[in-house]
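Note: hydrogens, waters and symmetry copies are ignored here, and every other heavy atom, side chains too, is used.
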Amino acid sequence: MDDYIVSARKYRPLTFDSVVGQGALTTTLKNAIKQGKLANAYLFCGPRGVGKTTCARIFAKTINCTNPKPDGEACGECESCRSFNEEMRSYNVFELDAASNNSVEDIRNLTEQVRIPPMNGKYKVYIIDEVHMLSSAAFNAFLKTLEEPPHYAIFILATTEKHKIIPTILSRCQTYDFGRITNADIVAHLKSVAQKEGVTADDRALAVIAEKSDGGMRDALSIFDQTVSFTHGSVTYEKTLENLGIIDSDCYFRLTDMLLEKRIPDSLLLLDNILSRGFDGSHLIGGLMLHVRNLLVSKDASTLPLLQTSDDMRKRYQEQAAKCQPKFLYRTLKICNDCDLNYRISKNKRLLIELALIQAAQADEDDDSSGRKPGKLKPIFKRFQSAQPQARNVRAELAPAGTTIKPVESAKNAESVKPAESVKPKASAPNIKADSLFTSIFHSQNTVSDDNKQSTANTTPATDSNVIVKPVTDDLLQYHWTAFAASLQREDSPLKNRMCNCKPIMISESSFMIQAGNPMMAQEIETARQRILDYLRKAVSCPTLQMNIQIDEERHVEHILSRDQQYARMKESNAALAELDRVFNLELR
């Protein structure tokens, strides 16, 4: 037990050739060593666990080797190479953690050490990890030594955040950018480690570990050790998913099929099953977003190399990508990304995910005539679907028997509607009792019946002699007034609220009156006067319709009354209270 060493340390590379996934970078370093073109300062930057410190130690070992190999590698047999222990450290290599030694005093001590020549070997190498943690004063104190060190001193700075290094330091260093290690390279290295450790590992399980490591070999080896302990030396796909808390990729393939087939109830049941197994909703959204991204890159052969997975999974992605329209993939990615951004601040996280799934199921539908943007929720029940052929005129069905309702344009386009020049005679005015709830639902569908379409197609423009201005009743006006309010967009919510609190009353054949409760309400309606009139004139077939706005004095309150004023009014309306106040001489407290 005491001799156990984690795989990340046990299998740390000892030569440039054993470094995984950084072939171009290690080749450049070996060529510089072979040609004797060594810089005084290097900057190794890149994500965690990709080999920055390891390459720095190998570099320090190789430049001090007295008998290097022709390919630029250290021989491993000379006295300098033997002085390196298992951790790749020797008396000529000094490692400094800038996170805990970031002051000017620490840099001053370093510059004092630089003056002492190496005990053996040619060079003294100073490896400074997390160099971006140095303070501004420490950076400035380090500039002179970094630019003109002794000929035997070489500095290797390592950092994960290159953007925090000041430009004066960057200009004095040769910069080497370490990239993330590909999943294929990680899987190959894990196979080698498993073989050396006598562990049986499934390729799919190793692929999951590689994907979880996010391009870092150290993370991959740490996860591998954890999984081996959990599975007792037999790393299987199912056990790996259980250990890491990852949702099976089959779930994402099934969920995508459900969204493509618009099986919304099935997708919600699958969501419930995933949540009941203890998975967090953010994992589902993040996994679905990655799955859709993989489908997107599988759509085109030129982007297929971006898909880092096994050949079997790549083929499966291609098969499902062939079923998906590009529009579905683009919009679903946007929906999942918005859901992921709002997940943390959402109070009802489950509902947020359910809404995202419902929107994704409708992502491949065309925008409707009202201009609804992609990703907006559309009715999911058959009785509300208006995109079917031969759609019913639901507004006409809602009205009482014998009523003919003329199809009108939505309120969004009402500003561009001009008063009708000619109107066909219609049936008698309907006796409509408008219901704001149902009119708001059905009017938003903006559907037209087949009969109305046929009559419109066969109707020729009427001449002036055929114009008949039909009387407008209070019920008909109220119906279209409510319908206009219900069709307003979200940005017109104040106007919608004002209109719902007002009731239009016909005062003549071509004019009506609105009684506002206060000047603010009147001003809001007055601002939208032209939009309202354009809509109503077309809806009720009365091009001369006019609107008058008055303030209802009974509802209007000029200002907020004080306590004393309220009490005085109470006494005026209640004689008993006034008598009680007179007898006992009451006072407000």
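- Heavy-atom contacts from other residues, nucleotides or ligands closer than 6.0 Å to OH of Tyr330 number 12 or fewer.
- More than 12 heavy atoms of other residues, nucleotides or ligands shown are found within 6.0 angstrom of CZ on Arg277.
- Salt-bridge annotation for Arg316 and Asp250: present, with a side-chain N of the basic residue lying under 4.0 Å from a carboxylate O of the acidic one.
- In this pair, Tyr176 and Tyr42 present their aromatic rings tilted. The plane angle is within the 30 to 60° band.
- Enclosure of atom CD in Gln113 by more than 12 non-hydrogen atoms of other residues, nucleotides or ligands within 6.0 angstrom is indicated.
- For the pair Ser171 (side chain) and Thr168 (backbone), a donor-acceptor distance under 3.5 Å is present.
- Side-chain contact of Thr54 with Arg12: a donor-acceptor pair under 3.5 Å is present, judged by distance alone.
- Side chain of Arg48 to main chain of Gly216: no donor-acceptor pair is present (N/O by atom type, distance under 3.5 Å, no hydrogens or angles).
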Side chain to side chain contact (heavy atoms under 4.5 Å, CB included) between Lys122 and Ile63, worked out
CA-CA 8 Å; Lys122 302 179 183 178; Ile63 62 177; over 6 Å; no
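- Between the side chains of Thr15 and Asp17, no donor N or O sits under 3.5 Å from an acceptor N or O.
- No side-chain donor from either of Asn273 and Ser276 sits under 3.5 Å from a side-chain acceptor of the other.
- We find that Lys262 and Asp364 are joined by a salt bridge, their nearest charged nitrogen and carboxylate oxygen being less than 4.0 Å apart.
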Check the pair Asp272 / Arg350 against salt bridge (charged side-chain N to carboxylate O under 4.0 Å, His left out), numbers first and verdict last.
CA-CA 9 Å; Asp272 179 73; Arg350 181 184 181 123; 2.8 Å; yes
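- Counting heavy-atom neighbours within 6.0 Å of Lys349 NZ, excluding the residue itself, gives a total above 12.
- More than 12 non-hydrogen atoms from other residues, nucleotides or ligands lie less than 6.0 angstrom from NZ of Lys299.
- Contact check on Lys52 versus Asp129 returns no salt bridge, with no Lys/Arg side-chain nitrogen under 4.0 Å from an Asp/Glu carboxylate oxygen.
- Here the side chains of Thr236 and Thr200 are not in contact, with every heavy-atom distance at 4.5 Å or above.
- Counting only distance, with no hydrogens or angles, the side chain of Ser346 and the backbone of Tyr343 share no donor-acceptor pair below 3.5 Å.
- Using modelled atom types, no side-chain atom of Asn337 and backbone atom of Leu333 make a donor-acceptor pair closer than 3.5 Å.
- Asp203 and Lys191 are joined by a salt bridge, as a carboxylate oxygen and a charged side-chain nitrogen come within less than 4.0 angstrom of each other.
- For the pair Asp280 and Leu275, the tightest heavy-atom approach, listed with the atom from each and the gap, is C-CD2, 4.4 Å.
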Does Thr240 form a side chain to side chain contact (heavy atoms under 4.5 Å, CB included) with Val235? I'd like the steps, not just the answer.
CA-CA 7 Å; Thr240 303; Val235 181; 3.5 Å; yes
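- Remark: the backbone N or O of Ser7 is paired with a side-chain donor or acceptor of Asp225 at under 3.5 angstrom.
- Looking only at distances, a side-chain donor or acceptor of Gln320 sits under 3.5 Å from a matching main-chain atom of Phe253.
- The two atoms that bring Tyr317 and Ser298 nearest to each other are CB-OG, 3.4 Å, heavy atoms only.
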Identify all side-chain donor-acceptor contacts of residues 144-152 below 3.5 Å with residues at least two apart in sequence or on another chain.
unit_1 : atom_1 : unit_2 : atom_2 : d
Lys144 : NZ     : Glu148 : OE1    : 3.4
Glu147 : OE1    : Arg172 : NE     : 3.3
Glu147 : OE1    : Arg172 : NH2    : 3.0
Tyr152 : OH     : Val114 : O      : 2.9
Tyr152 : OH     : Arg115 : O      : 2.9

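- In this structure, the side chain of Ser135 engages the main chain of Asn102 through a donor-acceptor pair within 3.5 Å.
- Within 6.0 Å of atom CD in Glu73, more than 12 heavy atoms from other residues, nucleotides or ligands are found, so the atom counts as buried in its surroundings.
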Go through the steps to decide whether Phe142 and Leu110 satisfy the test side chain to side chain contact (heavy atoms under 4.5 Å, CB included), and finish with yes or no.
CA-CA 9 Å; Phe142 191 36; Leu110 177 63; 4.0 Å; yes
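- In this structure a side-chain-to-backbone donor-acceptor pair under 3.5 Å is present from Asn64 to Ala60.
- No donor-acceptor pair under 3.5 Å is formed between the side chain of Asn243 and the backbone N or O of Lys239.
- Although no hydrogens or angles enter the test, the distance criterion places a donor-acceptor pair under 3.5 Å between the side chain of Thr303 and the main chain of Val297.
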